[in-house]
Amino acid sequence: MTEQELLRRESLQKLRELGIDPYPPEMFEVSAFAADIIANYQEEVLEDGTKNRLNYHSVALAGRLMASREAGKALFMNLQDSTGRIQLYLRRDDLMQGEDGTFFDVVIKKLLDLGDYIGIKGFAFRTKTGEVSVHVQEFKLLSKSLRPLPIVKRDAEGNIFDAFTDPEQRYRMRYVDLTVNPDVRQIFIKRSKLVRTMRNFLDELGLLEVETPILQAIHGGAAARPFKTHHNTLDMPLFLRIANELYLKRLIVGGFDGVYEFGKMFRNEGMDRTHNPEFTALEFYVAYKDYNWMMDVTEQMLERVARALDENGGTTVQAGENVIEFAGPYTRLTMFDAIKQYTGLDVEASDESTLRTYCRENHIEIDASMGKAKLIDEIFGEKVEEFLIQPTFLIDYPVEMSPLTKKHRSKPGLVERFELFINGKEVANAYTELNDPIDQRERFEEQLALAARGDEEAMAMDDDFLRSLEYAMPPTAGIGFGIDRLTMLFTGQTSIQEVLFFPQMRPEK
RNA sequence: GAUCUCGUAGCUCAGCCGGUAGAGCACUUGACUUUUAAUCAAGGGGUCAUGGGUUCGAAUCCCAUCGAGAUCACCA
């Protein structure tokens with residue numbers, strides 16, 4: 001244990017000897033918050049020059065002690081609660097117990113440490129330097145902190161000194177990060193607001209929020225390597241879901257007009273600044289709609305999210321050097337037109353060997369297992385994706401890449417699919433859902449053929465899902481959003497770890 | 001998985017062409033009844049990530065391991 005930890009444990013013992021419980025069980029009634037007092041405190045100056053306080057005559061606050069400045073027989077503290085920080089003013093005279101000054105001299109001045117949770121009662125006032133503060137009349141220790149917090153200081157201009165910045169420590173001890181870095185707290189508040197805004201929007205649309213299995217015997221609905229686990233009683237392998245799509249569609253088969261699920265997905269792939277092994281998706285499916293309707297709804301939903309998260313209710317977000325406009329309508333661009341626009345290459349008129357030649361000439365990595373559709377996808381990923389900064393619906397994909405999507409109503413070889421790209425990243429993927437069970441079975445069989453050719457991303461056959469389609473699924477539109485990436489976009493973060501409370505880390509030591 | 005960079009006090013960092021481990025904040029003691037990055041005075045605190053090697057001598061040079069970040073690959 002470090003010197004400072006030992007000293008705090010000694011203080012803990014001395015408090016107990018003085019009859020003070022460092023971890024009292026009873027509740028502490030809070031009646032005010034730091035930010036509210038600072039924003040709303042009022043006083044008037046009388047004719048004789050004295051000040052008259054107009055509100056917050058009696059307040060009770062609780063929070064962490066984050067700074068302490070002794071000034072003889074007075075003391076200034078900073079109390080941090082869930083809303084922010086406020087200064088406390090304590091005088092020895094106010095906290096005497098009869099003739100006994102031990103409480104102020106020993107308990108408050110010696111045995112209290114930065115990071116301790118305290119509860120105080122008193123009245124608001126403005127110091128002669130102009131800071132709204134609370135004059136403390138009663139003081140109670142609520143919970144003793146045994147480890148020293150990193151002390152981050154700010155000056156009057158807002159410059160930060162000695163910030164707690166080491167990413168490893170911040171992620172491993174997010175509780176410390178959240179305590180000393182108020183900006184981090186704001187990111188997660190925004191994340192919560194983003195989810196809430198989407199949920200409200202979907203509820204207003206009349207969709208039903210549902211939960212589907214995370215443990216699945218067949219990992220379907222997407223192409224990714226799964227986490228595998230084992231059920232002891234059933235003595236069978238189970239997989240953590242890589243997607244929930246096929247279960248949500250079964251619910252549409254079952255007669256719900258619309259369902260949505262916010263849920264964790266798990267993919268056993270590499271980790272980097274945009275990938276965490278578990279991540280959050282929003283998927284929703286609506287009967288009797290198609291992907292054109294879904295584009296309209298997506299525009300409405302994201303505009304609403306942008307307005308909800310912007311302090312001024314605006315629809316733009318700064319992302320690096322770019323200003324993203326979330327008010328619709330968004331550009332709708334077919335995949336073939338997008339490639340033609342950014343590369344001049346007409347993929348529609350090209351055969352597989354032409355595309356292979358193009359890839360080789362442009363240093364795009366390909367392998368023998370890739371068919372024409374996969375080659376087109378690679379060209380898009382290398383030459384187009386990063387330039388789609390403003391929200392753009394990329395529509396009408398080759399059928400081979402989209403085994404769960406209905407064939408295009410007028411364009412042979414394509415499907416009714418769109419992906420939404422913002423700031424060069426995919427944030428949503430949507431289809432007019434394939435509900436023809438015979439076509440779906442053939443698509444699965446094509447996937448099996450691709451798998452045989454060496455495509456590790458090919459999708460597995462799901463017989464029960466096919467059975468459900470044979471009972472008939474109404475025409476349906478569906479979409480999936482990456483909530484983490486959307487949060488990154490709206491909070492200006494470039495690492496997924498900054499929008500996850502507890503990103504995946506290797507074990508310590 | 002590959003490559004590069006990093007790991008020194010509770011925190012932020014300096015020291016790194018080898019020669020006894022440093023600063024600021026935090027902490028301890030003292031002064032101060034309106035301070036605010038409080039101030040002033042004195043003081044304590046280190047297995048320099050871990051393990052090897054080179055050397056008379058390693059925080060410093062070399063190797064390995066662990067952890068983190070960045071870039072790439074795979075994916076969303």
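Lettering follows sequence order; numbering is per chain, from 1.
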Please verify the inter-ring angle class for Phe125(A) with Tyr89(A); under 30° counts as parallel, over 60° as perpendicular, anything in between as tilted.
tilted
With the side chain defined as heavy atoms from C-beta on, Glu365(A) is closest, among A76(B), C27(B), A73(B), to A73(B)
Ranking U34(B), A37(B), C27(B) by distance to the side chain of Phe125(A), first place goes to U34(B)
Please tell me if the side chains of Lys383(A) and Ile364(A) come closer than 4.5 Å, counting only heavy atoms from C-beta onward.
yes
For atom NZ of Lys190(A), is the number of surrounding heavy atoms from other residues, nucleotides or ligands below 6.0 Å larger than 12?
yes
Describe the nucleic acid contact of Glu278(A) in one word from base, sugar-phosphate, nothing, applying a heavy-atom distance below 4.0 Å.
nothing
Is it true that Asn52(A) and Thr50(A) share a donor-acceptor pair across their side chains at a distance under 3.5 Å?
no
As a test of reading the structure: which of C27(B), G67(B), A76(B) is closest to the side chain of Leu7(A), going by heavy atoms?
C27(B)
Rounded to whole angstroms, how far apart are CG on Asp155(A) and P on C25(B)?
15 Å
Closest to the Arg267(A) side chain, choosing from A76(B), C74(B), U35(B)
A76(B)
Can you identify which nucleotide, out of A68(B), U33(B), C74(B), has its nearest atom closest to the Tyr89(A) side chain?
U33(B)
Provide, to the nearest angstrom, the distance between the CG atom belonging to Asn78(A) and the P atom belonging to U35(B).
14 Å
Taking the side chain as every heavy atom from C-beta outward, state whether Lys406(A) and Tyr291(A) have any pair of such atoms under 4.5 Å apart.
no
Assign a letter to each nucleotide of nucleotides 1-13 of chain B from its 5' end: B, base within under 4.0 Å of a protein heavy atom; S, sugar-phosphate only; -, no contact.
---------BSS-
What contact category does Arg273(A) fall into here, base, sugar-phosphate, or nothing, at under 4.0 angstrom with non-hydrogen atoms?
sugar-phosphate
Check against side-chain hydrogen bond (donor to acceptor under 3.5 Å, both in side chains), Arg417(A) and Thr405(A):
CA-CA 7 Å; Arg417(A) 170 181 180 183; Thr405(A) 313; 5.3 Å; no
How far, in whole Å, is A64(B) from U12(B) if one measures between their P atoms?
28 Å
Please answer whether A76(B) and Phe279(A) are stacked, defined here as ring centres separated by less than 5.5 Å and planes angled under 30°.
yes
Tyr171(A) and Gln504(A) side chains, donor-acceptor separation under 3.5 Å
no
Checking all strands, does Met265(A) fall into the base, sugar-phosphate, or nothing category for heavy-atom contacts under 4.0 angstrom?
nothing
On the nucleotide A76(B), are OP1 or OP2 found under 4.0 Å from the side-chain N or O atoms that Lys264(A) carries?
no
Near RNA chain B, counting only heavy atoms under 4.0 Å, which residues of residues 175-182 of chain A show up?
none
Does Arg85(A) reach a base, just sugar-phosphate, or nothing at all? Heavy atoms under 4.0 Å.
nothing
Touch class at under 4.0 angstrom, heavy-atom based, for Phe266(A) against every strand present
nothing
Looking only at side-chain N and O atoms, does Lys153(A) come under 4.0 Å of OP1 or OP2 in A26(B)?
yes
Students often get this wrong, so: under 4.0 angstrom with heavy atoms, is Asn159(A) touching a base, only sugar-phosphate, or nothing?
nothing
Side-chain heavy atoms of Val415(A) within contact of Arg443(A), under 4.5 Å:
yes
Between C25(B), A76(B), U28(B), which nucleotide gets closest to the side-chain atoms of Asp113(A)?
U28(B)
For the residue pair Lys249(A) and Thr476(A), establish whether any side-chain heavy-atom pair is separated by less than 4.5 Å.
no
Need one value for Ala222(A): base, sugar-phosphate or nothing, where a base atom within 4.0 Å counts as base even if backbone is also close, heavy atoms only.
nothing
How far, in whole Å, is U71(B) from G52(B) if one measures between their P atoms?
36 Å
C27(B) pairs with which nucleotide, Watson-Crick or G-U wobble, both distances below 3.5 Å?
G43(B)
Which residue, Glu261(A), Glu283(A), Glu211(A), Glu278(A), forms the salt bridge (Lys or Arg N to Asp or Glu O under 4.0 Å) with Arg241(A)?
Glu261(A)
Rounded distance in Å - CE (Met505(A)) to C1' (C66(B))
13 Å
Specify the closest pair of heavy atoms between Ala243(A) and Gly220(A), including all atoms of both residues, with the distance to one decimal.
CB-O, 3.7 Å
Return yes when atom NZ of Lys51(A) has more than 12 non-hydrogen atoms of other residues, nucleotides or ligands closer than 6.0 Å, and no otherwise.
yes
May I ask you to list the residues of residues 63-77 of chain A, by number, that have any heavy atom positioned under 4.0 Å from an atom of RNA chain B?
Arg69(A), Glu70(A), Ala71(A), Gly72(A), Lys73(A), Ala74(A), Phe76(A)
Name the nucleic acid region contacted by Gly482(A), choosing base, sugar-phosphate or nothing; use a 4.0 angstrom heavy-atom cut-off, strictly under.
nothing
Which part of the nucleic acid does Arg91(A) contact within heavy-atom distance under 4.0 Å: base, sugar-phosphate only, or nothing?
base
Distance check, P atoms only: C48(B) and G19(B), in whole angstrom units.
16 Å
Starting at NZ of Lys425(A), measure out to CG of Leu388(A) and round the result to the nearest 0.5 Å.
12.0 Å
Side chains of Asp36(A) and Asn40(A): do they bring a donor and an acceptor to under 3.5 Å?
no
Hey, does Asn276(A) reach any base, or is it just sugar-phosphate, or nothing, if we go heavy atoms under 4.0 Å?
base
